[in-house]
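Please read the structure below before turning to the comments.
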There are 2 protein chains.
Amino acid sequence: MADNRPRATVHDMALIGRATQQRAMVLGALVVAEGFISAQALHKRLVADGSPVGLSTVYRTLTALAEAGRADVFRDTNGERLFRHRPGPDHRHYLVCTQCGLSLPVESGPVEKWADRIARTSGFADVRHSVELSGVCPDCGRKADQGQTSRSS
Amino acid sequence: MADNRPRATVHDMALIGRATQQRAMVLGALVVAEGFISAQALHKRLVADGSPVGLSTVYRTLTALAEAGRADVFRDTNGERLFRHRPGPDHRHYLVCTQCGLSLPVESGPVEKWADRIARTSGFADVRHSVELSGVCPDCGRKADQGQTSRSS
DNA sequence: ACGTAAGTGGAAATGATTTTCACATCAAGC
DNA sequence: GCTTGATGTGAAAATCATTTCCACTTACGT
């Protein structure tokens, strides 16, 4: 059977300059993570896995990837930036689990149309939109329920 | 003619505890600001206007207002939190000028419906959405154009 | 007016991110 | 294979928004 896990392309590395071991490790960890993850968390994971990459390098690599359009970024409620490897170049929106970071691409046609209409009728120039959907995924919801139940009378 | 400028209501103060001079000044400045403004900027403005409120108090008041639902909050791209006095209790979305902070409420029916549908069909619990539209307002666009024109050619 | 819980402010603490800079290393060119 | 200059790295320091601490003040019910 074929290996269907997402993987980094050489293209990803080429886009952000020189191909170093560290960048490969960061990119690899980001791809493996699937879903949004913070630079700090990714760094911890790398160190734990015996890939001691410097924190600065993690930040530099993630920022570069985001600038090159190979990663999606958004701020969580605590102001932390979460990154996610973007397989393709398409503009997408995700429903992200606030507990585990699992992210689900959602059908976003209606919002795009809506945003375009606003852009056209507002008189504003260079209109951009950022749409974030967050919630608790079924798995985490189940866990939370169990926790609640055992704690309450 | 009637004075149509937005103003703080006694209600705003009552919602967040004791009515102090400092809170009145912060609230007043927030109302006068119209559009989104950061805690830091609001503090500078207050100090400049001869209302020396402590930075901590500005943060505390804005946070309290947001929690009481009397202010909208969102994170700008730099991770700064921007606040805006909310006249009514309705859930709204705004088109915010990235240059001057001017904000325009936009008709958001379609997004709400879209978000609700996602919430219902995804299996996720407690789904929230944050939608941010940003651009350059006509005024700032004009200024930018002039700047560009005189510099180029 | 009094008492006291709630509020204030300046300084210190926090926490994510960025910068600095001495050192390592990649990719040519010889 | 070896020098070389640009590019990348990492540990520590710097930055910046925000929060917390804590001694001092103040609003407000009695």
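Labels below follow one simple rule: chain letters A, B, ... track the order of the sequence lines, proteins then strands, and each chain is numbered from 1.
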Inset, instruction - Ignoring backbone atoms, establish whether A:Tyr59 has a side-chain N or O less than 4.0 Å from OP1 or OP2 of C:dT17. - result: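 Indeed, a polar side-chain atom of A:Tyr59 lies that close.
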Can you tell me the distance, in whole Å, between the [atom1] atom of [X] and the [atom2] atom of [N]?
X       : N      : atom1 : atom2 : result
B:Met25 : C:dG7  : CE    : C1'   : 13 Å
A:Arg81 : D:dC16 : CZ    : P     : 15 Å
B:Leu46 : C:dG10 : CG    : P     : 13 Å
A:Ile37 : C:dT17 : CD1   : P     : 12 Å
B:Leu42 : D:dT18 : CG    : P     : 12 Å
A:Leu62 : C:dT18 : CG    : P     : 10 Å
A:Asn78 : D:dC16 : CG    : C1'   : 17 Å
A:Phe74 : C:dT17 : CZ    : C1'   : 17 Å

Inset, instruction - Please lay out, stage by stage, how A:Arg142 and A:Asp139 fare under the test salt bridge (charged side-chain N to carboxylate O under 4.0 Å, His left out). - result: CA-CA 5 Å; A:Arg142 240 186 313 282; A:Asp139 269 14; 2.9 Å; yes
Inset, instruction - Look at the aromatic rings of B:His93 and B:His129 and report parallel, tilted or perpendicular, splitting at 30° and 60°. - result: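 Tilted, since the angle between the ring planes falls between 30° and 60°.
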Inset, instruction - Scan A:Ala19 against the nucleic acid and name what it touches under 4.0 Å (heavy atoms): base, sugar-phosphate only, or nothing. - result: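 Contact class for A:Ala19: none.
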Inset, instruction - Remember a base hit wins even if backbone is also touched, and classify B:Glu80 as base, sugar-phosphate or nothing at under 4.0 Å, heavy atoms. - result: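 Sugar-phosphate only.
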Inset, instruction - May I ask you to establish whether B:Arg81 and B:Phe74 are in a cation-pi arrangement, using a distance under 6.0 Å from NZ or CZ to the six-membered ring centre and at most 45° from the ring axis? - result: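 Cation-pi check for B:Arg81 and B:Phe74: fails.
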Inset, instruction - Would you mind checking if A:Arg117 and B:Glu107 are paired as a salt bridge, meaning a charged N to carboxylate O distance below 4.0 Å? - result: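 So B:Glu107 pairs with A:Arg117 through a salt bridge.
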Legend entry - For B:Leu133, the rest of its hydrophobic cluster, which grows through side-chain links under 4.5 angstrom: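 Via sub-4.5 Å side-chain contacts, B:Leu133 links to A:Leu95, A:Leu102, A:Leu104, A:Val106, A:Val111, A:Trp114, A:Ile118, A:Phe124, A:Val127, A:Val131, A:Leu133, B:Leu95, B:Leu102, B:Leu104, B:Val106, B:Val111, B:Trp114, B:Ile118, B:Phe124, B:Val127, B:Val131.
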Legend entry - Per-nucleotide protein contact string for nucleotides 2-12 of chain D, where B marks a base within reach and S marks sugar-phosphate only (heavy atoms under 4.0 Å, - for neither): ----BBSBBBB
Inset, instruction - Without swapping roles, check the side chain of A:Arg75 against the backbone of B:Thr77 for a donor-acceptor pair under 3.5 Å. - result: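 Looks like yes, one N/O pair under 3.5 Å.
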Inset, instruction - To the nearest 10°, let me know how far the axis at one end of the helix from C:dA1-D:dT30 to C:dC30-D:dG1 is tilted from the axis at the other, five pairs an end. - result: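 Computed from the C1' atoms at both ends, the axes differ by 20°.
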